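Down below is the structure, laid out as structure tokens.
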Amino acid sequence: MSSEQLQEFLNTAITLAKEVGPAFKDGFWRTGQFAASSDFAAEDKDGNQADCVTAVDCFIEKTIFARLRQIYPDHKFVGEETTAESGNGYQVTDDPTWIVDPVDGTNNFVHHFPYTGISIGLAINKQPVVGVIYLPILDELYTAAQGLGAFMNGQPLPLIRPPVLTTPLSLAQCSMVAEHGSARTPEVMKSRLDSFTRLLLGKEHGGACLQNLRVMGAAAPDLSLVAKGVAEIYWECGPHAWDFAAGVVLVLESGGAVFDGAGWWGSNVPRSERTPQPLNIWNRKIVAIRCIPDLPGKPGSGRELQKQLAAELLEIVEDIPYTPDGNQ
């Protein structure tokens with residue numbers, strides 16, 4: 001795939017994100033076409049009170065996909081709301097596949113918390129290569145394409161750069177973003193909260209003494225924080241490809257790294273094999289590490305530290321089983 005083709009795809013995604021921005025704002029503020037409660041139409045998704053969908057989600061996704069089908073009739077399409085309607089039985093292929101979350105952080109959106117936005121990703125050969133995350137209420141537009149860099153409102157990422165951008169040597173020097181997810185069974189909640197506890201406990205109590213843990217309510221904006229350089233780590237089990245496909249491109253193009261997020265705590269994975277594995281965006285488990293500058297006189301040490309931090313995290317978090325997205 002040439003850089004010219006990737007730039008064209010990126011330009012298309014940027015245009016579409018901006019086009020649906022006014023509808024997003026109308027929904028957030030309950031104005032215009034979504035002024036009436038009946039127009040907004042928030043409801044539980046699949047009977048889960050911890051997850052919801054609105055008329056805005058459906059309107060934006062249908063608008064984006066209608067335009068994309070006109071421009072790229074041979075491409076494939078995966079979206080949160082259309083997939084929820086049709087089930088998870090779509091086929092994952094090597095074909096160019098647009099992956100869209102029309103309102104990432106819908107609960108934030110419903111409760112007027114501005115940390116919510118539109119995520120548009122493009123995967124080719126099952127790997128994300130284009131990503132656009134638009135947070136209309138915050139007026140932040142994040143854009144990236146493979147080999148072309150990552151930007152926020154035209155500024156190169158990470159926004160924080162050396163020497164201000166530090167080189168953390170352990171989790172105790174890191175800030176992390178994560179989510180509690182919408183699965184609220186006792187088993188899942190215990191597993192997740194136990195992992196959070198081990199991350200936060202002081203080292204004298206067997207924990208990692210993570211400096212802070214932020215639960216902000218939306219995966220795509222979480223990844224934008226990692227790309228921007230204001231959070232060292234994002235970890236989550238359970239999000240879907242549409243939650244983080246675009247964000248993965250942002251992280252990678254900003255100098256960050258991504259890995260499979262299945263934790264090793266309590267697992268049968270032999271110690272000799274406990275090495276962070278490549279990310280499969282369809283498997284719903286992810287660790288992302290921000291750009292880390294090399295140590296003085298040690299070229300390549302930043303990349304090694306990214307792997308070390310991922311390994312330190314995976315040693316103390318527990319894997320949570322989730323059905324992968326699509327048919328692979």
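Remember, predicted model here, so these are calculated numbers, not experimental data.
Checked by atom type and distance alone, the side chain of Tyr115 pairs as donor or acceptor with a backbone atom of Pro221 at under 3.5 Å. With Ser301 contributing its side chain and Leu295 its backbone, the two residues share a donor-acceptor pair below 3.5 Å. With hydrogens and angles disregarded, no donor-acceptor distance shorter than 3.5 Å links the side chain of Arg290 to the backbone of Glu232. Here the side chain of Arg184 pairs a donor or acceptor atom with the backbone of Gly181 at under 3.5 angstrom. With hydrogens and angles ignored, the 3.5 Å screen pairs a side-chain donor or acceptor of Glu61 with a backbone N or O of Glu80. Side-chain atoms of Gln173 come within 3.5 Å of backbone atoms of Leu169 as a donor-acceptor pair (strictly under, hydrogens ignored). Using modelled atom types, no side-chain atom of Asp222 and backbone atom of Gly217 make a donor-acceptor pair closer than 3.5 Å. A donor-acceptor pair under 3.5 Å is absent between the side-chain atoms of Ser267 and the main chain of Gly263, judged by distance alone. Using a distance-only test at 3.5 Å, with no hydrogens or angles considered, a donor-acceptor pair links the side chain of Asp260 to the main chain of Ala262. Between the side chain of Gln91 and the main chain of Asn327, a donor-acceptor pair closer than 3.5 Å is present.
Annotation: the span from Leu199 atom CG to Gln211 atom CD amounts to 13.5 Å, rounded to 0.5 Å. Here the NE2-OG1 distance, from His240 to Thr323, works out to 9.5 Å after rounding to the nearest 0.5 Å. Rounding to the nearest 0.5 Å places CD of Gln7 at 10.0 Å from OG1 of Thr12.
Minimum heavy-atom separation, Gln146 to Glu253: CA-OE2, 3.4 Å. Across all non-hydrogen atoms, the minimal contact from Asp26 to Gln33 is OD2-N, 3.8 Å. Pairing each heavy atom of Asp139 with each of Asn153, the nearest pair is O-ND2, 3.0 Å. Ala246 and Ile120 get closest at one heavy-atom pair: CB-O, 3.5 Å. Counting all heavy atoms, side chain and backbone alike, Gly21 lies closest to Tyr134 at CA-CE2, 3.9 Å. Residue Lys76 comes nearest to Asp95 through the heavy atom pair NZ-OD2, 2.6 Å, listed as atom of the first residue, atom of the second, then distance.
Under the 3.5 Å distance criterion, with hydrogens and angles disregarded, no donor-acceptor pair is assigned to the side chains of Asp104 and Thr116. In this structure, a donor-acceptor pair under 3.5 Å is present between the side chains of Ser175 and Asn212. Side-chain atoms of Ser191 and Asp194 include no donor-acceptor pair closer than 3.5 Å. Between the side chains of Arg192 and His180, no donor-acceptor pair is found at a separation under 3.5 Å. A donor and an acceptor atom, one from each side chain of Ser2 and Gln5, are located under 3.5 Å apart.
A 4.5 Å side-chain heavy-atom check between Ile289 and Phe259 finds at least one atom pair inside the cut-off. Contact check for Glu315 versus Arg274: side-chain heavy atoms found under the 4.5 Å cut-off. Residues Leu305 and Thr167 form a side-chain contact, since some pair of their non-hydrogen atoms from C-beta on lies under 4.5 Å apart. The side-chain heavy atoms of Thr63 and Glu19, taken from C-beta on, include no pair separated by under 4.5 Å. You'll find the side chain of Val110 stays beyond 4.5 Å of the side chain of Phe28, heavy atoms only. Residues Arg198 and Val317 have side chains not in contact (no heavy-atom distance under 4.5 Å, counting atoms from C-beta outward). Using a 4.5 Å heavy-atom threshold, the side chains of Ile133 and Leu135 count as touching. Here the side chains of Cys237 and Lys285 are in contact, with some heavy-atom distance below 4.5 Å.
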Evaluate Phe109 against Phe24 for ring-ring contact (aromatic ring centres under 6.0 Å, His included), listing each step before the verdict. CA-CA 9 Å; Phe109 183 82; Phe24 188 101; 4.9 Å; yes
Check the pair Ile99 / Leu122 against side-chain contact (heavy atoms from CB on, under 4.5 Å), numbers first and verdict last. CA-CA 6 Å; Ile99 306 168; Leu122 174 66; over 6 Å; no
Applying side-chain contact (heavy atoms from CB on, under 4.5 Å) to Tyr142 and Lys228, what does each step give before you reach the verdict? CA-CA 9 Å; Tyr142 296 87; Lys228 195 158 52 173; 3.1 Å; yes
Check step by step if side-chain contact (heavy atoms from CB on, under 4.5 Å) holds for Val249 and Val129. CA-CA 6 Å; Val249 188; Val129 295; 5.7 Å; no
List the steps, then state whether side chain to side chain donor-acceptor pair (under 3.5 Å) holds for Thr106 with Asp57. CA-CA 8 Å; Thr106 303; Asp57 298 72; 3.1 Å; yes
Set out, in order, the CA-CA distance, both residues' side-chain angles and the distance that settles side-chain contact (heavy atoms from CB on, under 4.5 Å) for Asp243 and Ser119, then state yes or no. CA-CA 7 Å; Asp243 292 311; Ser119 178; over 6 Å; no
For Tyr72 and Phe9, run ring-ring contact (aromatic ring centres under 6.0 Å, His included): C-alpha distance rounded to whole Å, both residues' side-chain angles, the deciding distance at 0.1 Å, then the answer. CA-CA 10 Å; Tyr72 307 116; Phe9 295 144; 5.3 Å; yes
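Grouping the Ile, Leu, Val, Met, Phe, Trp and Tyr side chains by contacts below 4.5 angstrom, directly or via other members, places Phe244 with Val78. Criterion: ILVMFWY side-chain heavy atoms under 4.5 Å apart, direct or through other members. Under it, Ile286 and Val226 are part of a common hydrophobic cluster. Under the 4.5 Å side-chain heavy-atom criterion for ILVMFWY residues, no single connected hydrophobic cluster contains both Val132 and Leu159. Placement of Trp98 and Leu148 within a single hydrophobic cluster is found when ILVMFWY residues are connected by side-chain heavy-atom separations under 4.5 Å, directly or transitively. Leu157 and Val130 are not part of a single hydrophobic cluster, where members link through side-chain heavy atoms under 4.5 Å apart.
Ring geometry, Trp235 versus Phe196: the interplanar angle exceeds 60°, so the pair is classed perpendicular (tilted spans 30 to 60°).
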